[in-house]
Amino acid sequence: MRIVVQEQPFDFAAEATAFAKGRTDLGAVITFQGIVRAGDTGDMERMVIEHYPGMTEKALQKIADEALTRWNLGDVLVIHRYGEMRAGDQIMMVATASRHRKDAFEAAEYLMDYLKSRAPFWKKEYAGEGSAWVAAKDEDEDALSRW
Amino acid sequence: MRIVVQEQPFDFAAEATAFAKGRTDLGAVITFQGIVRAGDTGDMERMVIEHYPGMTEKALQKIADEALTRWNLGDVLVIHRYGEMRAGDQIMMVATASRHRKDAFEAAEYLMDYLKSRAPFWKKEYAGEGSAWVAAKDEDEDALSRW
Amino acid sequence: MALEILYFAWVRERIGLPKERIDTNARTVAELVEELKAREERYAVAFADISALRVALDQDLSDFSASLEGVREVAFFPPMTGG
Amino acid sequence: MALEILYFAWVRERIGLPKERIDTNARTVAELVEELKAREERYAVAFADISALRVALDQDLSDFSASLEGVREVAFFPPMTGG
């Protein structure tokens, strides 16, 4: 398992290639990338992600530990950035690997659902003179109820 | 949308990097890789995948078209190999991209479920002097009922 | 009616060939299967349990009760194991 | 009891600082919030609707009824929006 919280961009291709490399017991590998969208009106210029150093790593570790307990996983990777990003930039990725696809899919969805609502990150969007904190969605909180 | 059926290995990192590249309207990108497992006893030496040229492409196209109808997807990629492979080799990949993660996850699972049981591929495993066709699993057929 | 018949995986191995062209008056897949089974032991063995088989007509999955009218290519194979 | 109090996102912006050290006799998070609200208007505004807020005690998510006994770091922030 690897948990990374960093400001600088990460190399998705390199991370995905290295993940679970050489393992011949894992038949299913899933990656999820979260990417900055230009926004529904397309006028978002940049986004700044604030986080809570210390708690962020602790929260992500706890979520990943729980995924490893619930599913039969060969490996788990979580990378999440903070700081300034622009439309099209990669915000974060998770990767899961398991013998069969069901565990890898469920664990990846679990990681994303919890990471969205339980890891201390806050997004602020900037457009022209204006800026606004992204509001949490009820559907993201509701998504946790299935686990 | 891109559907590829080929004998030679594919470059996962390059495919994943090119997929949905430059799109600023898609916040979620998922990849699934299917990898040859060494088998539960670890003695599988190689696997040969037979397919039905013509029908394979048609079946994959139909599955991908259906995913594009059911979910709000920005792009879909399916690559599936046939021929001889060894433990650790990549058999196939799918990728999905959507505005939000729910569509990308559901579509990726749908593609995998249908591709498993409705695309004309058959696996034969070789170990020492022996060989055996991989039997379809009831759980793979059952997985279709949720869609 | 001339039909191209294709066999895959263990069906191909049991029958001993990947494809053949046959002339038949069979109106349905089931009738075609009966005709094939009557030919030779290896066909009878391959088609002994059709619940273990799948059929595609002109490269679309179908079923054993389907009509062969207008069909040019029939394929028999076990349940798929892709992915 | 000395506590390190941290504020994030719009809570930080409304209160105007990222962290502060305070001395308090509050036994629960709710009591601490009441104490802060009584201090100045900007605190009253930030804590006007605690259903819109989350609290972490020593970097673990908690709730407003939780005891502060043994706690060293309290953080207030809106619901998270990671991923």
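Order of the sequence lines sets the chain letters (A, B, ...), proteins ahead of strands, with each chain counted from 1.
- The part of A:F12 that comes within reach of chain B is its side chain, from C-beta onward, which places non-hydrogen atoms under 4.5 angstrom from that chain.
- Heavy-atom neighbours of B:Q8 CD from other residues, nucleotides or ligands within 6.0 Å: above the threshold of 12.
- Atom NZ of residue A:K21 and atom CD1 of residue B:I35 lie 10.0 Å apart, to the nearest 0.5 angstrom.
- When each of A:A104, A:A108, A:A143, A:A20 is checked for heavy-atom pairs under 4.5 Å with chain B, A:A108 comes out on top.
- Both the backbone and the side chain of B:V29 come within contact range of chain A, with heavy atoms under 4.5 Å apart.
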> Hey, mind stepping through B:T31 and A:I30 against side chain to side chain contact (heavy atoms under 4.5 Å, CB included) and telling me if it holds?
Replying inline: CA-CA 6 Å; B:T31 67; A:I30 289 169; 6.0 Å; no
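- Note: B:T24 leads B:V94, B:T24, B:D113 in heavy-atom pairs under 4.5 Å with chain A.
- Ion pairing of A:R101 with B:D140 is present here, as a side-chain N (NZ or NE/NH1/NH2) and a carboxylate O approach within less than 4.0 Å.
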> Given A:R37 and B:R23, is the side chain to side chain contact (heavy atoms under 4.5 Å, CB included) satisfied, shown in steps?
Replying inline: CA-CA 8 Å; A:R37 291 196 306 124; B:R23 295 283 295 265; over 6 Å; no
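- Note on ring orientation: taking the six-membered ring where Trp is involved, the planes of B:F105 and A:F105 are perpendicular (angle over 60°, cut-offs 30° and 60°).
- Within 6.0 Å of the NZ atom in B:K62, the count of heavy atoms belonging to other residues, nucleotides or ligands does not exceed 12.
- In this structure, chain A has no heavy atom under 4.5 Å from any part of B:K102.
- Counted within 6.0 Å of NZ on B:K58, heavy atoms from surrounding residues, nucleotides or ligands total more than 12; the atom is thus considered enclosed.
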